[in-house]
Structure formats: structure tokens, C-alpha cells
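Below: one structure, written as C-alpha cells.
This structure is a prediction, so every number in the text was calculated from the model and none was measured. Reminder, nothing fancy here: chain letters follow the sequence lines and each chain counts from 1.
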Amino acid sequence: MDNILLSVQDLKFYFIGNERVARALDGVSYEVSKGETVCLVGESGCGKTVSALTILRIIPQPPGKIMGGKVLFNGQNLLDLSEEEMQKIRGNHIAMVFQEPMTSLNPVFTVEDQIQEAIMVHEMVDEKSVRERCIQLLKDVGIPSPEERLKDYPHQLSGGQRQRVMIAMALACDPDLVIADEPTTALDVTIQAQILNLFQELKQKRQMSLLYITHDLGVVANIADRIYVMYAGIIVEQGDTSNIFHNPCHPYTQGLLKSLPGRAKRGSKLHSIPGTVPDPAHKPGSCPFHPRCDFAIQACGTEFPRVCDYGEGHLSRCPVLYENKVPKVN
Amino acid sequence: MLSFIGRSIIQKIITLFFVSVVSFLIIHLAPGKPSQVDPLNPKFTPEMVERFRKEFHLDKPLYIQYIYFYRDLLTGKTVSWKDNQSVLKKIWERFLNSLPLFIVGTILTWTLSFPIGIRSAIFRGGLYDRSSTFFSYLLISIPGFFFAYILIIFVVTRFHVPVIGMETFGLGASSWTHMVMDRIWHLLLPSVLGATGGIAILSRYVRSQMLEVESQDYVRTARAKGVPEEQVLYKHALRNALLPFVTMFGLILPGLIGGSVIIESIFSWPGMGRMAYEAILARDYPIILTVNFISAVLVLAGTFVSDVLYMVVDPRIRL
Amino acid sequence: MIKKDIKNLLQNTGVAPRRSRLQESWRILKGNSLAFVGLIIFALFFCTALAGLILTSGTKPVFDPAMVRLQEKLLPPLSSPNLETLRPEEIPKLGVYLFGTDDLGRDVFARMLQGAWVSLTVGFVAVGIAVLIGIFMGGISGYFGQSHIRVDQILAAFVLLLGGGLLAVGAIFSGSALLLIGSAYIFFSRWLKKGLGKQPPPKWMKVFFAGVISIDTLIMRLVDIMLCFPSFFLILTVVALLPASMYNIMIVIGLTSWMGATRFVRAEFLSLREQDFVTAARALGVSNWRIIFRHMIPNAIAPVLVSATIGIATAILTEAGLSFLGFGVPPPHATWGNILSDGKRFIFDAPWLTFVPGFAILLVVLSFNLFGEGLRDILNPKLKERY
């Protein structure tokens with residue numbers, strides 16, 4: 001088990017308001033091994049981003065509160081660290097790329113200022129070598145004529161270029177793990193593909209792990225080694241990419257796969273899962289998916305579903321399908 | 001950039017022209033006449049009234065009066081109707097009296113409201129934030145004249161120092177330090193009063209700006225880079241939060257001539273506000289119009305300065 | 001296939017219970033204790049002012065604010081009247097002088113009651129005028145702002161104005177002639193439009209039909225011009241020049257404070273105009289006015305309401321300031337500002353004459369400010385339904 005870089009264990013994170021408690025994460029566990037690409041998949045609002053922000057502890061508390069669980073990074077529980085120790089982890093060992101390149105870069109500083117800062121807060125380097133490193137980073141992420149771009153302000157760059165700058169910033173200190181939170185959602189389709197390829201390339205070159213958060217199963221198929229499917233604050237299914245795609249064992253995963261446009265027959269109606277994601281403040285204590293589930297039985301509304309093991313690390317939280325031995329995806 | 005400056009100067013001159021027309025019309029079309037030419041005034045004989053009318057061009061049609069007035073103003077020859085003194089000279093004297101109030105008030109406003117606002121944004125929801133919020137509402141809501149009397153009662157009964165006027169009357173040949181202290185005491189209350197509203201409003205504004213910026217994505221990015229918390233707040237957040245305040249530097253300018261009528265009349269401070277008040281009472285049109293004109297010029301100059309400043313500070317705006 | 005158990009599924013569906021907009025607003029308001037206090041004070045003030053109007057007006061008011069009792073002057077609050085020296089109708093109805101008496105022996109409580117109504121009406125009417133002008137100007141500039149005013153329209157307006165001016169000055173003949181020409185032109189141009197139909201106007205007329213300035217620019221320049229005047233100084237000037245009356249003060253405050261509302265409404269309209277529901281309404285053939293009144297004003301009103309609430313506070317302060325300087329409502333009528341102003345001569349002997357009206361103004365203005373801020377939170381959709 002030495003190979004495991006990050007291990008999130010039974011993480012609970014609630015937002016506590018005046019009158020209601022929103023259970024954003026309800027006991028989430030996942031692991032990322034060294035050099036592995038792990039995808040966290042789910043609809044918007046299911047707690048993907050919150051789980052990433054909790055790893056780095058950059059989520060405002062209050063209103064948020066960690067209610068239990070562990071985040072082990074190289075065997076060290078990040079939740080026990082002091083704020084100063086945590087600052088040394090952020091950017092240096094775990095770096096993050098955010099969803100919105102438009103707003104994630106500070107508009108009043110130049111590209112150089114911002115990349116330089118990422119290096120200078122963790123390492124003592126003289127100015128000249130910092131500059132060289134910035135240029136090298138920009139080259140690595142595929143920005144043409146990096147010397148000139150350094151002096152630009154974020155608003156002078158295009159969306160794709162800004163996301164590349166964000167990636168360069170994340171890579172500045174050679175982190176062990178990069179968390180990418182829907183990095184391509186805000187971009188055009190052609191640029192999405194470029195950024196995905198860039199991630200693949202960088203990962204191979206740099207021997208880093210990647211935790212990729214997305215709602216887009218199409219993206220996942222291209223890059224993931226392993227997949228965790230999240231729904232309403234819990235992991236409903238996990239397994240290797242091929243297992244999840246060819247043998248989904250949770251009704252939610254099945255629904256997600258069926259609603260992929262590429263899989264539908266031409267001319268037929270696209271599949272959609274009826275209903276909406278439950279309000280995190282009024283979640284059922286039982287299986288959160290049962291109100292939308294085609295296979296739900298009475299027990300689904302009363303008991304919290306146990307984990308069912310299909311072997312090869314393929315786990316699912318749907319005992320109904322497990323006992324009925326998985327119906328086929330049509 | 002240059003074309004922007006040129007365009008906005010032309011625009012401001014046009015605005016100024018209309019302001020001058022409107023203020024002239026308001027003054028001259030309002031019912032009532034200056035006391036010197038009021039036929040009901042027993043102090044003046046009809047011949048004197050006639051002479052005044054001639055002298056002030058009141059017998060001419062309005063547009064001629066307008067041209068005469070602004071010709072005189074721009075060549076600096078306007079005189080007060082009350083005592084035939086040069087208006088500009090009078091304003092300058094009073095301006096020098098108001099200036100210390102303005103300077104002390106502005107310094108107080110700008111030095112106090114930023115720390116207060118930033119602190120309450122950082123510790124939002126805490127005791128400090130809530131009490132500073134409450135006090136700023138209190139200070140915004142309290143009528144200036146009422147607050148003035150509270151302060152006067154407090155200072156007079158507590159410290160036994162007279163605070164009315166610019167200096168204690170008949171102090172004459174006392175020591176140098178005594179004179180200075182006396183001046184400071186007299187200066188302190190009115191300028192504090194002038195600054196309270198400003199402090200309250202500005203610190204609220206600083207706070208909301210800071211909160212707005214703190215929830216932006218780039219602040220989160222900075223945190224994710226491992227930047228220490230103080231650096232996140234004072235470099236990434238503050239730098240962005242301050243942008244709109246740079247423009248407010250320009251808006252200080254009109255305050256130069258404003259002067260508070262109420263505060264200056266409570267403290268018998270012979271400043272601009274009091275002069276304007278007396279001019280209104282006496283219907284001394286030249287002074288009213290000149291004060292109005294100068295303040296309009298300052299307002300326009302202020303907005304111009306703030307536009308230019310904004311372009312200098314915000315890299316996103318380039319023309 | 002496994003059958004669904006409908007009954008069971010109805011419980012715990014994970015959907016938040018529905019709450020109406022009113023309930024939601026009430027919840028946010030209650031969460032903001034300062035704003036809630038503001039609302040309560042505001043409601044109390046409203047009732048007091050209304051009661052004050054009823055109790056202090058008429059020929060035989062319950063509390064007579066103008067009753068002079070020279071032997072009872074400058075009594076501190078809660079002191080009881082000297083029953084032997086007073087005629088029966090001079091005895092205050094409450095049995096005590098709740099807020100004391102002033103230098104003429106008038107009951108300060110009665111005067112405060114009377115003054116409450118002045119503050120209330122000045123605040124509401126002045127802001128009402130400002131908001132109406134603001135919505136009108138801002139609406140026109142935001143909705144119709146792109147169309148241009150033509151030369152002939154400017155000429156016609158100029159001719160009409162000149163005619164009216166001449167009439168007012170006394171040149172009856174030339175004035176009415178110009179007025180006639182102006183209105184004839186407007187009538188003529190309507191007829192011309194119908195008559196010409198699709199035909200382009202002849203070349204020489206093109207000069208007259210050329211657009212000069214867009215309505216938006218015109219109104220915004222007007223706002224700029226108004227903003228150039230130092231507001232309190234302008235109000236003071238105009239109030240001083242006009243005959244003293246409560247209505248003049250309301251109108252003048254209203255006419256000098258519409259710029260903020262105009263800007264808000266214009267900004268809202270500009271952004272609403274581009275939104276899909278307006279486009280959809282237009283695509284359905286809804287008329288401009290219906291779009292404005294049904295679809296846009298309800299959506300644009302939020303920031304105006306907030307600024308209006310805070311504007312009432314400012315207007316009350318302005319009126320008090322004017323009264324304090326002696327330009328307010330003419331004397332026998334009491335206002336909070338002139339009670340305070342009268343009391344300033346006795347500031348050390350009879351501090352209640354300063355403190356009672358002072359605190360009353362402070363409390364009311366504070367309540368409007370707090371409630372205005374609370375309203376901003378309620379109307380801010382970002383704050384709704386968060387945790």
C-alpha cells in the first residue's frame with residue numbers, strides 16, 4: 001500500500017446555516033495512487049468540488065465544517081496540520097486548477113507576477129532563475145512566445161491561454177498531485193481537447209498524480225485510470241475505467257452512461273434521469289438516489305445502502321442490483 | 001487616451017455651460033428680489049433702487065445679464081452686491097478659513113475608514129464587525145447639528161474649553177503653545193463632525209468591497225498556491241478592493257468648496273459654508289452664483305481626475 | 001423488474017419544502033436583527049405620526065402644540081403642571097409634561113407629535129417625487145435611449161419654450177404666435193407622416209430629420225448637470241428664495257434628488273432589455289408600454305426601493321437641517337428641526353429641548369437606514385436559500 005499518495009477516508013463536510021444543515025459530503029472515501037489519474041464524476045452540486053477544496057482546506061469555515069474523516073497525504077493527515085504547515089503543502093505538494101480561467105487569475109497582476117509568486121512562496125530562488133523557470137513553465141504548457149506573454153495581464157489572454165497559465169502555475173513547484181476541478185468546462189470544445197491532451201502529456205512527463213473532477217463522462221473515458229462516481233455527497237460506485245463503462249453496477253451510473261449522446265441510437269430520444277439532485281439539506285437518510293431510481297424497492301427508502309464488492313476493486317452501493325445480478329445496459 | 005481626454009474635456013465644458021445657465025435661471029426667476037432693489041424696502045428711495053438696477057444690469061434682459069455676469073466672473077471683476085468687494089477675494093479669504101477644516105476632516109476620513117472597513121471585513125460576523133456596523137449606521141443617521149451639540153456639551157463640561165469660533169476671543173498675548181493648543185481645540189470639533197459621516201459611509205463601502213473581492217475566484221487561487229493568509233488579504237484582495245477608491249480621490253475635490261453650512265454656523269466658523277449661507281440670506285446673487293460655478297468646476301474636474309486615475313490603476317481599462 | 005413502492009417514496013424525496021416568496025423574505029428579515037428592529041421602529045413612527053396628525057390638528061386638538069403657558073416655561077420632562085395657575089383647558093391631557101416644556105411653556109410632547117407628521121410626509125413625498133421622476137427618466141433612457149432626437153423636434157421644442165417664456169414675461173402677442181406655430185408644426189408633422197407614408201422626404205427636409213443626440217445621452221447629461229450642484233446648498237438656495245412652506249420643501253428636495261433613481265432604473269433597464277424574457281415578450285407582439293410596466297419595472301424596482309428607503313432617511317435629515325437653519329416649515333407649526341433649533345439657546349439650562357427631538361430624528365433616520373439595508377439583503381437573490 002506504499003503506492004498510495006492520497007487517501008480520503010470517510011470525509012464528512014457539512015455547511016451549517018442558521019436553520020438548516022447541508023450535508024455536502026456524507027462520508028466520502030477515495031484513493032489516488034502515485035502516477036495515477038483518478039476521475040471524480042457526478043452531476044453539479046453533488047459535492048465534487050467541495051471534496052477537492054476540503055483536501056486543500058481552502059473552503060471557508062464557517063459556514064462549512066469538517067464533521068469527521070481523514071485526508072491522508074503520504075500517510076499524513078492533512079486535517080490535523082496547522083495553517084502554516086498546510087500552506088507548505090498547498091501549491092508545493094498538492095496544486096489545484098480551477099474551473100473558471102476567466103475569474104481565477106488576479107486581474108491586476110501580470111502573468112509573470114502570479115507564476116513567480118507560486119514559486120517564491122515555497123522556494124528561495126534568485127530573480128533570474130525564477131524568470132527562466134516561468135518561461136520554461138509557459139513553454140511546457142504550450143504557450144507561444146512565452147517571454148512576451150509574461151508581461152501580459154490576464155485579460156489580454158484568451159480563455160484557453162488563461163487555463164494554460166493556471167496549469168503552469170499549478171506545476172510551478174513540481175507538485176506530487178494536481179487536482180483539476182472541471183478545468184475544461186468553461187472552454188470551447190476544440191480547446192477542451194487541447195487542454196486534455198496537455199494534461200495527459202504533462203502527467204507522463206512529470207510522474208505526477210492527477211485527480212480530475214468532471215461531470216463529463218466523455219472526458220473521463222479518455223484520461224482516467226480509475227473512476228469514482230459521486231451522487232449527493234456519497235460515492236455510489238468506483239472501479240477501473242473499463243469496469244465502470246462496460247459493467248456499471250449502480251442505477252445512477254447506468255443512467256449517466258445511457259444519457260451520453262454518443263451511445264444513443266441516431267434518431268432516438270436521448271435518455272435522461274427523471275427528477276433532480278436532492279437538496280443537500282433535505283437528503284433522505286437512506287439511499288439518496290432512490291426517489292429517481294427505476295429499481296427502487298421498499299428497503300431503499302429506509303436503509304442506507306451497503307457497499308457491494310464485484311471484485312477487482314469494483315465497488316457499488318446498490319444491494320438491489322447486486323442481489324438481482326446486474327441487469328444489462330440496453 | 002489623448003482623444004478620450006480631449007473628448008471628455010469638451011463634454012465637461014458643455015455641461016458647465018448648461019450648469020451656469022440653469023443656476024442663473026434658478027436665481028433670477030425665483031420670486032423675490034435682492035433687498036437693494038426691492039421696491040418694498042423702506043431703506044432705499046426709488047432713485048437709489050434705480051441706480052442699483054442700472055449698476056447691476058438688472059434693467060437689461062436676462063440673456064444680457066447672463067453674458068455680463070459670466071464675462072465679469074471669467075475676468076475676475078465680479079463684485080458682491082452687499083459691500084462692493086471683489087467676490088473672488090472674499091471667497092479666497094473664506095476658503096483659507098475652511099481649508100484647515102477640510103484638510104483635517106479629509107485626513108481623518110481616509111486614515112480611519114480603511115483600517116476599520118478592512119478589519120470588519122476580515123472578521124466579518126464577529127463582535128468587532130457588528131459593533132462597527134452599528135456605529136456606522138448610528139453616525140450616518142445622526143443629524144449633524146444634534147451631534148454637534150452633544151459634542152459641545154461633552155467637551156465644554158468635561159474639559160472646560162470653549163470651542164465656538166476659530167480662536168478664543170481676547171486671548172491676545174498669551175504664550176505661543178497656548179495659542180496653538182487653543183487653535184487645535186477649536187479646529188478639532190468641527191473637523192471631527194465634518195468627518196464622521198464620511199468615515200461611516202466610507203468604512204462601510206470599504207468593507208463591502210473587501211467582502212466582494214474576498215469571495216472572488218482569484219483569491220481562492222492565491223490560497224491554493226500556498227500564499228500565506230496575510231499576503232492573500234493584503235496583496236491579492238486589497239489591491240483589487242482598492243481600485244474603486246482611487247477614483248474617489250477625484251471626488252474629494254468638490255469638498256474643497258462645499259464646507260458644511262450647518263456645522264460652520266453652529267461653531268461660528270467664518271468659512272465658505274457660512275459665507276454662502278449669508279449670501280443666500282442677503283440675496284447676494286454674484287456670490288451665490290460664483291460659489292455654485294466654482295463648485296461645478298470642481299465636481300467636473302473631480303470626475304475627470306477620477307476617470308484618468310482609474311485608467312492608470314486598472315490594467316483592464318485602456319483607451 | 002422490481003416494483004416501486006410509491007407510498008414510501010413520497011416520504012424523504014430529498015426535495016426542500018416549498019416556501020413562498022413572502023415567507024422567504026420574512027425569514028431573511030428575521031435573520032437580520034438590525035433590519036427587523038428598523039422595521040419595528042419604522043412602524044411605530046408611522047403610527048405615531050398618524051396619531052399625531054389626528055390628535056394635534058383641528059380647532060380643539062387633544063394635544064395643543066401651540067398652547068402658550070408662560071408661567072410653565074422650561075419645565076423638565078415628566079414634571080407635573082402647576083394646577084392652580086392654569087386654566088382648565090390649559091392643563092395637558094396626560095397630566096404631566098412628558099417631554100417637558102419649551103421657553104414659551106408649550107408642551108414639547110404635543111409639538112413632537114405634530115412634528116412627526118411633518119417628518120413623515122416630507123420624507124415620503126419628497127422621495128416619492130424623486131422616485132417617480134427617476135423611474136420615468138431612467139425608463140425612457142434605458143428603453144428608448146437609442147432613438148435619436150431630430151433637428152425638427154428640437155426646433156419645435158425650442159419654439160414652444162420660447163413662446164411660453166415670452167407669454168410669461170408679458171409679450172402676449174409674439175408669445176402666443178410662437179406657441180401657435182410650434183403646436184401647428186407638431187400637428188402638421190403627424191399629418192405629414194401619415195400622408196407621406198413610405199415615401200422618403202424630399203432632400204431639403206433631410207437636414208431637419210437628421211438625428212442630433214440620442215435620448216439616452218440627453219438624459220444622462222441632464223443627470224450630470226444636476227450632479228454638479230452641491231445638493232444641500234442648492235436646496236437651501238431654492239428654499240430660501242421661495243416662500244416658506246412645507247410643500248415647497250418637499251418639492252425642492254424631490255426635484256434635486258432623482259438622479260440616483262434614474263441611474264439605477266436606467267442600468268436595470270439596459271440589462272433587462274437584453275434578457276430573453278423581454279425578447280420573448282416582444283416576439284409575442286406585446287406592446288412597448290406593456291413590456292415596460294408588466295415585465296421590466298417589477299424587475300427593476302428592487303434597487304430603487306432600497307435607495308428610496310435610504311432616501312427617505314436623507315430627506316428627513318435634510319428637512320431637519322433646513323428647519324434648524326430657519327428655512328423650514330413656517331413657525332407656529334412645529335417640526336423636529338425647529339424644536340431643536342429653538343432649544344439650542346437653552347442648551348445648558350434645558351437640554352431636553354435639544355435631546356428629545358435629536359434622539360427622535362436619530363431613531364427614525366436610523367430605522368430607515370437599517371431597514372433599507374435589510375431590504376437590500378431581502379431583494380438580493382444571491383442571499384436566498386443559502387444553507
* Under a 4.5 Å cut-off applied to non-hydrogen side-chain atoms, are B:F18 and C:R221 in contact? -> no
* Asked: Applying a criterion of heavy atom separation less than 4.5 Å, what residues of residues 246-258 of chain C form contacts with chain B?
  -> none
* With a 4.5 Å heavy-atom cut-off, do B:I262 and C:F232 have their side chains touching? -> yes
* Sub-6.0 Å ring centroid separation between C:F233 and B:Y277 -> no
* Looking only at non-hydrogen atoms, find the nearest pair between C:L362 and B:S141 and report the distance. => CD1-C, 3.8 Å
* Please lay out, stage by stage, how B:V22 and C:M226 fare under the test side chain to side chain contact (heavy atoms under 4.5 Å, CB included). => CA-CA 9 Å; B:V22 171; C:M226 287 302 291; 5.7 Å; no
* Asked: Of the non-hydrogen atoms in C:P230 and B:N292, which two are nearest, and what is the gap between them?
  -> CD-OD1, 3.9 Å
* Identify which of B:A296, B:P143, B:S265 forms the greatest number of heavy-atom pairs closer than 4.5 Å to chain C. => B:P143
* In terms of heavy-atom proximity below 4.5 Å to chain B, should C:F355 be classed as side chain, backbone, both, or neither? -> both
* CZ (B:F135) with more than 12 external heavy atoms under 6.0 Å -> no
* Structure fact -> Most contact-rich option vs chain B, by heavy-atom pairs under 4.5 angstrom, among C:L325, C:I361, C:D224, is C:L325
* Residue by residue, which of residues 336-344 of chain C have a heavy atom closer than 4.5 Å to a heavy atom belonging to chain B? -> C:L340, C:K344
* Taking the side chain as C-beta and beyond, is there a heavy-atom pair between B:I26 and C:V238 under 4.5 Å? -> yes
* Structure fact -> Nearest heavy-atom contact between B:S23 and C:F229 is CB-CE2, 3.6 Å
* Determine the option with the most heavy-atom pairs under 4.5 angstrom with chain C, choosing from B:T303, B:V19, B:I266, B:L138. => B:V19
* Can you tell me how far the CD1 atom of B:I140 sits from the CG atom of C:N369, to the nearest 0.5 Å? -> 6.0 Å
* Structure fact -> Pair count under 4.5 Å, heavy atoms only, with chain B: among C:L363, C:V365, C:L242, highest is C:V365
* **Top of B:Y137, B:F145, B:F147 for chain C proximity - count of heavy-atom pairs under 4.5 angstrom** => B:F145
* Asked: Between C:T354 and B:Y149, what is the shortest heavy-atom contact and its length?
  -> CG2-CB, 4.0 Å
* Structure fact -> Under 4.5 Å to a heavy atom of chain B? For C:I316 that would be neither
* Checking heavy atoms, do the side chain of B:V156, its backbone, both or neither come under 4.5 Å from chain C? -> side chain
* Report the residues that fulfil side chain to side chain donor-acceptor pair (under 3.5 Å) with B:Q216, sequence neighbours left out, ordered by chain and then residue number. => none
* **Contact class of B:L281 relative to chain C, heavy atoms under 4.5 angstrom** => side chain
Would you give me the side-chain donor-acceptor pairs under 3.5 Å for residues 317-324 of chain C, sequence neighbours excluded?
unit_1 : atom_1 : unit_2 : atom_2 : d
C:T318 : OG1    : C:T314 : O      : 2.8
C:E319 : OE2    : C:S323 : OG     : 2.9
C:S323 : OG     : C:E319 : O      : 3.3
C:S323 : OG     : C:T335 : OG1    : 3.1

* Asked: Under a 4.5 Å cut-off applied to non-hydrogen side-chain atoms, are C:I225 and B:L16 in contact?
  -> no
* Can you measure from CD1 (B:I27) to CG (C:L241) and round to the nearest 0.5 angstrom? => 5.5 Å
